[in-house]
Participant: 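This is the structure I have questions about; it appears just below.
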Protein chains: 2
Amino acid sequence: MPKIGAEPIRKAALINATIFEVGRAGSLDVTVAQIARRAGMSPALAHHYFGSKDQMFLAAMRYILRNYGRSVADRLPGHGKRGRLDAIVQASFAPQNFQRETVSAWINFYALALINPEAGRLLRVYHCRLRSNLMVALRPLAADPARIAETLGALIDGVYLRAVLTPGGIHAAVAEKLVFDYLDEALS
Amino acid sequence: MPKIGAEPIRKAALINATIFEVGRAGSLDVTVAQIARRAGMSPALAHHYFGSKDQMFLAAMRYILRNYGRSVADRLPGHGKRGRLDAIVQASFAPQNFQRETVSAWINFYALALINPEAGRLLRVYHCRLRSNLMVALRPLAADPARIAETLGALIDGVYLRAVLTPGGIHAAVAEKLVFDYLDEALS
DNA sequence: TAACTTTAATTGACTGACCAATCAAGAACA
DNA sequence: TGTTCTTGATTGGTCAGTCAATTAAAGTTA
């Protein structure tokens with residue numbers, strides 16, 4: 001056997017580099033060469049491992065979505081009556097989901113989801129899981145959990161969007177408070 | 001004088017074609033040649049009138065923002081206590097702002113705002129005007145107009161985002177109802 | 001242990017295609 | 001005639017993806 005075990009390390013490095021470069025450029029218009037250089041290898045090696053640029057973007061998107069899912073799961077079931085709900089919202093505004101690179105990657109992956117069916121499918125899975133989680137959390141608390149779940153999901157996305165577009169960037173705490181204030185109102 | 005009056009016609013055609021092509025492709029990755037062909041002219045003429053591809057995108061963004069502003073103004077002051085507020089929300093979900101091409105153009109212009117300072121400036125103007133309009137409308141109705149204006153703005157954006165990302169697309173009416181239900185709650 | 005084999009890892013160089021922007025020249029109209 | 005309108009042709013540059021060749025680790029054999 002030859003030198004083994006490089007593949008997972010290289011792939012992880014490329015995924016990190018992809019997110020970093022997309023975040024830095026604020027656009028999917030980054031070259032494979034840029035990403036590969038950032039990850040410390042040649043462009044040819046990036047192609048060797050991922051086959052195509054699209055596959056690299058999709059792998060990066062999967063990584064971000066998996067991270068988000070994990071960060072929600074880690075906080076469940078939470079404490080108290082509203083534990084599940086608080087956990088989900090807090091996870092959505094966790095620092096790592098709120099760094100400039102990640103949020104910038106998110107908005108650009110949203111754009112990717114418009115044109116790449118596989119990316120669209122991934123995003124739909126995320127939306128469904130979020131809605132489902134919110135429904136479970138809301139059912140014991142509200143008369144119309146479906147409506148609140150829908151509103152809450154949109155609100156979280158909207159706050160995200162504004163966070164990355166506001167010049168100084170709004171703080172995670174401010175964004176989170178906005179959402180919690182809505183929840184207090186909706187559940188009262 | 002020579003053959004005159006072509007400029008405004010050509011520019012309008014190019015702006016329409018830009019929005020159409022960006023919406024169709026779901027991405028800013030459209031070539032000047034595509035846009036020009038759609039507008040019925042040569043790529044060279046597009047450059048002649050706009051100077052660069054970026055300027056074409058910015059002109060298209062200005063056009064969309066101007067349209068939105070006009071559609072709000074047309075509905076003001078509205079009727080009744082909540083007239084101003086209803087007018088703004090209804091304008092945000094007016095059919096023309098909700099067509100696939102327009103919404104797709106919006107999300108991509110959002111992405112553009114991340115990397116193009118001029119685009120960012122335009123978007124900030126839109127955000128400020130929206131917030132200001134909402135404040136005026138909310139001051140007589142709510143104790144904390146600033147918070148509700150912020151939430152409402154984010155909610156509108158979030159609903160927009162989901163509208164274009166949902167496979168079948170949610171109907172404008174459903175989106176609008178979501179926002180109005182929130183308002184009813186917040187103002188009660 | 002030394003020589004040999006096998007195979008993953010890795011890259012430099014290249015290709016084929018595409019594209020934004022320019023320019024000089026022609027067409028149309030007043 | 002003079003001005004605007006219009007385009008074909010060109011240029012300089014970029015980039016995704018390919019390929020042949022090299023390197024080095026791990027096992028194999030004698």
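The sequence lines fix the lettering, A, B, ..., with proteins before strands; numbering per chain opens at 1.
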Participant: Donor-acceptor pair, distance only, cut-off 3.5 Å: does the side chain of B/Lys53 make one with the backbone of B/Val30?
Facilitator: yes
Participant: Any side-chain N or O of B/Arg10 less than 4.0 Å from the OP1 or OP2 oxygen of D/dT4?
Facilitator: no
Participant: B/Met41 has an atom CE; how far is it from atom C1' of C/dA28, in whole Å?
Facilitator: 17 Å
Participant: Rounded to the nearest angstrom, tell me the gap between atom NE2 in B/His48 and atom P in D/dA9.
Facilitator: 20 Å
Participant: What is the nucleic acid contact for A/Thr31, judged by heavy atoms within less than 4.0 Å: base, sugar-phosphate only, or nothing?
Facilitator: sugar-phosphate
Participant: Look at the rings of A/Tyr126 and A/Tyr68 and say which category their plane angle falls in: under 30° parallel, 30 to 60° tilted, over 60° perpendicular.
Facilitator: perpendicular
Participant: Starting at NZ of B/Lys53 and ending at P of C/dC19, how long is that distance when rounded to a whole Å?
Facilitator: 8 Å
Participant: Starting from C1' on C/dA21, measure out to CD1 on B/Ile35 and report it in whole angstrom.
Facilitator: 14 Å
Participant: Is there a donor-acceptor contact under 3.5 Å from the side chain of A/Arg75 to the main chain of A/Ser71?
Facilitator: yes
Participant: How do B/Pro8 and B/Ala44 order along DNA chain D: which one's closest nucleotide is nearer the 5' end?
Facilitator: B/Pro8
Participant: Report the distance from atom CZ of A/Phe57 to atom P of D/dG17, rounded to the nearest whole Å.
Facilitator: 10 Å
Participant: Does any N or O in the side chain of B/Ser188 come within less than 3.5 Å of the main-chain N or O of B/Glu185, such that one atom is a donor and the other an acceptor?
Facilitator: yes
Participant: Taking atom C1' of D/dC15 as reference, at what distance in whole Å does atom CG of B/Asp29 sit?
Facilitator: 12 Å
Participant: In whole Å, I'd like the distance from the CD1 atom of A/Ile9 to the P atom of C/dA9.
Facilitator: 10 Å
Participant: Could you check whether A/Phe50 gets within reach of a base, just the sugar-phosphate, or nothing at all, counting any heavy atom under 4.0 Å?
Facilitator: nothing
Participant: Give a yes/no on whether any side-chain N or O of A/Tyr49 is located under 4.0 angstrom from OP1 or OP2 of C/dA9.
Facilitator: yes
Participant: Whole-Å distance between C/dA9 C1' and A/His47 NE2?
Facilitator: 17 Å
